[in-house]
Amino acid sequence: MKAVGIVFSNIHDKEIKELTALRTLASVPFGGRFRLIDFVLSNMVNSGISKVGVITKRNYQSLMDHIGSGKSWDLSRKRGGLIVLPPYGVSGTTLYQSRFEAIKNTEAFLRRSDEDYVVMSDCDNVCNFDFSRATDFHIEKNADITVVYRKKDIAAAERKPRTAFTLDGGRRVIKVENSDRMSGKKLVYTNMLIVDRRFLLSIVESAEENGFKSFSSDILTRTSDFRIYGYELEGYFASIDGVSNYYKHSMELLRPENRAALFKPDASIYTKVRDSAPCRLEASARVSDSLIADGCVIEGEVTGSILFRGVRVEKGAKIENSIIFQDTYVGADSRLNCVIADKQARILANRTLSGHETQPYFIAKGSII
Amino acid sequence: MKKKKCIAMLLAGGQGTRLYALTSRVAKPAVSFGSKYRIIDFPLSNCTNSGIDTVGVLTQYQPLILNEYLGNGEPWDLDRTYGGLHTLPPYQAKSGGEWYKGTANAIYQNLHFIENYASEHVIILSGDHIYKMDYSLMLAAHIEADADCTIAVIDVSPAEAPRFGIMDYDGERKITSFEEKPKNPKSNHASMGVYIFKTSSLVRELIEDEADPDSSNDFGKNVIPKMLKQGSKMFAYQFRGYWKDVGTVASLWESNMDLLGSRPVLDLNDPNFKVYSRNKALPPSYIGAGGRISNSVLTAGCEVYGTVVNSVLGEGVTIAAGAYVSDSVIMRGTAVGKNVKMYFGVIDEDVIIEDGAAIGDGSSDKNGIALVGRGSRVKGGAVIKSGEIVEAEQQK
């Protein structure tokens, strides 16, 4: 496929601040062994994209540690591969504030590329999506931009900024709605799109004279000037934008049909290899309805929970409806319910911690309780 | 190029006939072990953990799965610009070519590989054992003693001794006798099949061994006894730690079981001495609401809806509801159907056990392990008796 990928690693950080205090949204752990960026990188690689630029802004140390040379995604290449695009500082300028400024920052990268198309995605999308089909559609429609949307029934009470589209019979976008109070059945933007590289460069070049600032309100809304088409994403999709929604979508993975939709044998989700030992469950362990990663040692009880790699659960400890990140220790006879424990936390013996599924109790990285 | 101090030659061409169905289609070093590993992960990881970055892997018997698994050596950090992992199959040369006749002949045929790195020492390893060992300590002892050859020894029980090369050594660790598989062993110091040679001594001995028409070209049977007889400087290096020869189905099963318990005899959870392996990209394992798993180990991609006790599950193993699996080793990709009852089974990779089948029974024990070979299908309701061996080919 003649497309280059661009991934935005920071765009929604502030909406999920507990988990992104020490990392980018891209490196937020998800699903027992993955980081959010694993999904988009794997989707791109599985779609035949072999050059991916990752736009970073701040807190990207943990992201760099995770993606390294891109080897785990087969993106350590002589031609293309993984290219980290850190903020490009010209003295006097500040860090970019909008997606459009972030794209402007990658102008040199885009100019050096020779692929005809650019696939752009945020990193907070959890899905198993084939960009190559969407690109075929883009080519077939001779589109300038193809936006990826999904059908969603939005409850009237939900307040969240969204972009929704109206399509004509030929699937051309004829109307774009940017609002934080939409309701009913909508075609909602997934923050993934395919764009002609030369077209994108021409927009970036003329941005100043045209006053383009925001991609969704200044570019996507010009439906008569540009040929914008919509491609539907079917199947499992989750967009992570807050701690309670992070919790809800994580727990969806306990259902077999969601795992089947996300982890396909012919389109694997890759992640950094850690070479943990296998998970050891001892004679007293009671585990049910839970996802358990390598390197865990479990003596206690785990129900309806997700345990990342290297979690230790002591005897008599009881973990329910919780998400426990890498290398966290849960001491003997402690009780956890609706808890999200970040990496390397130590919950000592006889502690009782409880949140609610709409408001999980969050334990920060490395804290001792 | 800079000389290497020590390179490794790993003998991985053996068939491993006493593993029966497990090695019908794969070389013994590629047999699955301990949920996420293959036997060869242990010597390769030992090399990496010991600072040895050049490993020649000699392959011969059923090399396809092994070769694919090894790839460029990246999982063991052995993808190097100078050195790294190389597979060395037998090859044709101008003067003809031949299969590897014995362990010594296999190395002899690859002397040019050793000479290429001009290393001072060569460590000879095999792909038959489960152990974590820092070879750099042995190398230091070898260099300090200025030995021609240093042999790693481990003390075994007198009952086991006749299975191994048995040696005796003096207070300076100098080897005084060596007997390959003696009927009446003089000691319980067993050779681990790990030798470090001074390269010059190795080259000389292998050339001489090759010229001897009566030799069967084997290190344990020919080269080591001859060197000892002619007075070469040979030292023992005492290893204390976990070491297991997994050449039989029973010993392979036992070694897997050594991973279980609250203080496992074989503990792989050591961040300073990791055992590396090549693994598929799979999600974590899921234990269903009705599933029950205890005193067991498992790795990624498993789905457990039945009951599993005292067992080892490989990558992507599925255990359906109502199944009962006890004291068994189930290797990657195998599916266990509903209401299957399994006791003391060793089930190879990609096996399908259909609903209601029975493997072993409540009276089975470790002396009667039922073995189901790679890619077999055990029909619904079938009964595989304790000690029975099932192979895919037989069923066609």
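Only this structure's heavy atoms are used, side chains among them; waters, hydrogens and symmetry mates stay out. Quantities reported herein were computed from a predicted structural model and do not represent experimental measurements. Residue numbers start from 1 in every chain, and the chains themselves are labelled A, B, ... in the order their sequence lines are given, proteins ahead of strands.
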- Message: Looking only at heavy atoms and a cut-off of under 4.5 Å, which of B:Leu298, B:Val309, B:Asp270, B:Val275 has the most pairs with chain A?
- Response: B:Leu298
- Query: Looking at A:Arg274 and B:Lys274, what are the two nearest heavy atoms and their distance?
  - Reply: O-NZ, 2.7 Å
- B:Glu68 atom CD, over 12 foreign heavy atoms within 6.0 Å: no
- Note on the structure: Heavy atoms of A:Phe34 and B:Leu282 approach each other most closely as CZ-O, 3.9 Å
- Message: Below 4.5 Å, heavy-atom pairs only: which of B:Ser277, B:Gly288, B:Ser35 has the largest tally toward chain A?
- Response: B:Gly288
- Do you know which of A:Ala293, A:Ser290, A:Ser268 has the most heavy-atom pairs with chain B at a distance under 4.5 angstrom? A:Ser290
- Message: Quick check on the interface: out of A:Ala285, A:Gly310, A:Cys279, who has the most heavy-atom pairs with chain B under 4.5 Å?
- Response: A:Cys279
- Query: If you tally heavy-atom pairs under 4.5 Å against chain A, which of B:Glu303, B:Lys36, B:Glu74 wins?
  - Reply: B:Lys36
- Counting heavy-atom pairs under 4.5 Å with chain B, the top scorer among A:Val273, A:Leu254, A:Leu307 is A:Leu254
- Message: Rounded to the nearest 0.5 Å, what separates atom CG in A:Asp294 from atom OG1 in B:Thr299?
- Response: 3.0 Å
- Item | B:Lys132 NZ: over 12 foreign heavy atoms closer than 6.0 Å | yes
- Looking at B:Ala289, B:Gly316, B:Ala300, B:Ser285, which one has more heavy-atom pairs under 4.5 Å with chain A than the rest? B:Ser285
- So with a 6.0 Å cut-off around NZ of B:Lys338, is the heavy-atom count from everything else above 12? no
- Query: Which one of B:Ser45, B:Ser294, B:Cys302, B:Pro283 has the most heavy-atom pairs closer than 4.5 Å to chain A?
  - Reply: B:Pro283
- Query: Do B:Asn295 and A:Glu282 have side-chain heavy atoms sitting under 4.5 Å apart?
  - Reply: no
- Note on the structure: Okay, B:Asp267 and chain A: the region with an atom under 4.5 Å from a heavy atom over there is side chain
- In this structure, OG of A:Ser288 is separated from CD1 of B:Ile287 (nearest 0.5 Å) by 9.5 Å
- Message: Please classify the contact of B:Leu259 with chain A as side chain, backbone, both or neither, using a heavy-atom distance under 4.5 Å.
- Response: backbone
- So which heavy atom on A:Leu291 is nearest to which on B:Pro284, and how close? CD2-O, 3.6 Å
- Task: Please name the pair of heavy atoms, one in A:Ala277 and one in B:Tyr37, separated by the smallest distance, quoted to 0.1 Å.
- Result: CA-OH, 3.5 Å
- Minimum heavy-atom separation for B:Asn269 to A:Gly295, with atom names? ND2-O, 4.0 Å
- Query: Would B:Tyr286 and A:Ile292 satisfy side-chain contact (heavy atoms from CB on, under 4.5 Å), going step by step from the backbone distance to the final call?
  - Reply: CA-CA 6 Å; B:Tyr286 178 72; A:Ile292 310 290; over 6 Å; no
- Message: Using a 3.5 Å distance criterion without hydrogens, assess whether the side chain of A:Arg280 forms a donor-acceptor pair with backbone atoms of B:Gly261.
- Response: yes
- Task: Please report the closest heavy-atom contact between B:Tyr305 and A:Pro256, naming both atoms and the distance.
- Result: OH-CG, 3.9 Å
